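Here the structure is laid out as structure tokens; the discussion comes afterwards.
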Amino acid sequence: YNDVRNTNVWSKEAIYRTGALDIIKGYGNRNFGRTNTLSKEEAIAIAYRASGREADAQKAAEELDNERARENKKTNSINMWSDGYLKLAADEGLISEEDFNDALAQNTQEPAAGSFIRNAPASRQEFAFWLAKTLSLEPVYGQQEIFNSYNDWRSADPVKIPYIEAILQNNIMNGDGNGYFRPTQSITRQEAAQVISNAEKYILPLLGMKKMTGTIEGTVNSRDLS
């Protein structure tokens, strides 16, 4: 990524790690878009890729497209696959059926006021909720972290709070360092990369991977004269 490799930004390692796992991808033009805001449909796609469900989403997208009339079929693969992620999200309770219908309607018309807008910024609480759901984290109904650690916990969606608590207790997300979680604030792509990196111990088994580590105890210089 041209916007990452020659920098010393705090998110560099997380961006490369999540890119190597094909969870958060670039734009295809050698740019990652570190400070760009994550959209709702991007956030949902990342949450499902983190749980190893990319193939499921593509199959769902194909089924949706097969039901469309020839003139309405999608020719852009990314746009088509995005529909598949949204379909999974609706089927599995990440978004409502109404949200899903709103999202599909935006393929052909402007979104109505108050509707679910697929390319609108995703909030921190939405990303926390969606990731907790796809990683099958058990919601925590006896809040400790969000209640005791953050001044703005009352501004969080009550339905999402148990899942935010699970995310916090597992050290996947944290606040701004000043006592605020900022549940309704948008999240950037580099912040999302760090969140995914923090959730590695839950993600790797779902991807069929295992992290192996070791320690270099010493080095020896040698010469090969063959």
Side-chain angles (χ1 to χ4, degrees), residues 18-19 22-29 31-135 155-157 159-160 163-164 167 173 182-196 199:
T18 55
D22 271 343
I23 296 174
I24 304 183
K25 307 179 183 186
Y27 292 132
N29 60 357
N31 284 302
F32 181 79
R34 290 186 299 106
T35 59
N36 291 353
T37 300
L38 200 67
S39 71
K40 294 179 188 292
E41 60 185 356
E42 284 178 320
I44 288 171
I46 289 168
Y48 273 113
R49 284 200 294 268
S51 63
R53 303 284 303 282
E54 185 170 26
D56 292 343
Q58 290 188 10
K59 290 175 184 177
E62 290 176 1
E63 291 175 4
L64 285 171
D65 210 53
N66 287 337
E67 296 173 359
R68 295 184 176 114
R70 180 179 299 176
E71 62 274 14
N72 295 328
K73 291 184 181 297
K74 292 199 169 182
T75 56
N76 183 295
S77 57
I78 293 177
N79 290 342
M80 177 180 143
W81 294 336
S82 179
D83 286 352
Y85 286 112
L86 292 169
K87 174 62 174 170
L88 289 184
D91 290 345
E92 297 174 8
L94 277 67
I95 62 175
S96 68
E97 193 66 31
E98 183 180 3
D99 289 341
F100 176 63
N101 291 332
D102 286 344
L104 290 192
Q106 288 157 46
N107 293 333
T108 57
Q109 63 191 49
E110 288 295 316
S115 64
F116 176 91
I117 302 175
R118 60 193 299 168
N119 60 1
S123 68
R124 285 169 52 81
Q125 66 178 352
E126 286 176 324
F127 192 49
F129 174 68
W130 293 332
L131 189 60
K133 293 279 281 187
T134 58
L135 297 184
S155 64
D157 180 348
V159 173
K160 295 179 175 62
Y163 296 90
I164 296 172
I167 288 286
M173 290 179 73
R182 310 291 183 192
T184 60
Q185 183 173 296
S186 60
I187 184 168
T188 64
R189 285 171 56 81
Q190 65 180 350
E191 289 170 340
Q194 187 61 60
V195 170
I196 294 299

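The structure presented is a predicted model; accordingly, all values stated were derived computationally and were not measured. The figures here come from the full heavy-atom set of this structure, side chains too, leaving out hydrogens, waters and symmetry mates.
- Residues Met173 and Gln194 fail the side-chain proximity criterion, which asks for heavy atoms closer than 4.5 Å.
- Salt-bridge formation is not detected for the pair Asp56/Lys87: no Lys NZ or Arg NE/NH1/NH2 atom is positioned less than 4.0 Å from an Asp or Glu carboxylate oxygen.
- Under the side-chain hydrogen bond (donor to acceptor under 3.5 Å, both in side chains) criterion, Thr37 pairs with no residue, sequence neighbours left out.
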Original post:
So Arg34 and Thr188, side-chain contact (heavy atoms from CB on, under 4.5 Å) or not? Walk me through it.
Top reply: CA-CA 7 Å; Arg34 290 186 299 106; Thr188 64; over 6 Å; no
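- Rounded to the nearest 0.5 angstrom, Ile78 CD1 and Glu41 CD are separated by 10.0 Å.
- Dense packing is recorded around CD of Glu97, with more than 12 heavy atoms of other residues, nucleotides or ligands lying under 6.0 Å away.
- For the residue pair Ser96/Asp99, the side-chain donor-acceptor check at 3.5 Å is satisfied.
- Side-chain contact of Arg53 with Thr134: a donor-acceptor pair under 3.5 Å is absent, judged by distance alone.
- Listed by first and then second residue, the ring-ring contact (aromatic ring centres under 6.0 Å, His included) pairs involving residues 32-59 are Tyr1-Phe32 (not counting sequence neighbours).
- Smallest separation of non-hydrogen atoms from Ala193 and Thr18: O-CG2, 3.5 Å.
- Minimum heavy-atom separation, Leu135 to Ala50: CD2-O, 4.1 Å.
- A salt bridge links Glu126 to Lys40: at least one charged side-chain nitrogen sits closer than 4.0 Å to a carboxylate oxygen.
- Here the shortest heavy-atom pairing between Leu38 and Arg189 reads CD1-CG, 3.9 Å.
- Note that the CZ atom of Arg182 and the OG atom of Ser123 stand 14.0 Å from one another [nearest 0.5 Å].
- Across every non-hydrogen atom of Ile44 and Ala89, the tightest pair is CG2-CB, 3.9 Å.
- The closest side-chain heavy-atom distance from Ile95 to Trp130 is below 4.5 Å.
- Side-chain contact between Arg118 and Asp83: present, with at least one pair of heavy atoms (C-beta onward) separated by less than 4.5 Å.
- For the pair Ile23 and Ile46, the minimum side-chain heavy-atom distance is below 4.5 Å.
- Residues Asp22 and Arg49 fail the side-chain proximity criterion, which asks for heavy atoms closer than 4.5 Å.
- Under the 4.0 Å criterion applied to side-chain N and carboxylate O atoms, Arg124 and Glu191 are not assigned as salt-bridge partners.
- To the nearest 0.5 Å, atom CD of residue Gln58 and atom OH of residue Tyr85 are 6.0 Å apart.
- In terms of heavy atoms, Ile164 sits closest to Ala156 at CD1-CB, 4.2 Å.
- Distance check: Glu67 CD to Lys73 NZ gives 9.0 Å after rounding to the nearest 0.5 Å.
- Between the CG atom in Leu86 and the CZ atom in Phe116 there is a gap of 6.0 Å [rounded to 0.5 Å].
- Under the 4.5 Å side-chain criterion, counting only non-hydrogen atoms from C-beta, Leu88 is not in contact with Leu94.
- Across all their heavy atoms, Ala122 and Ala43 have their closest contact at CB-CB, 3.8 Å.
- The distance from the OG atom of Ser51 to the CD atom of Glu92 is 8.0 Å, given to the nearest 0.5 Å.
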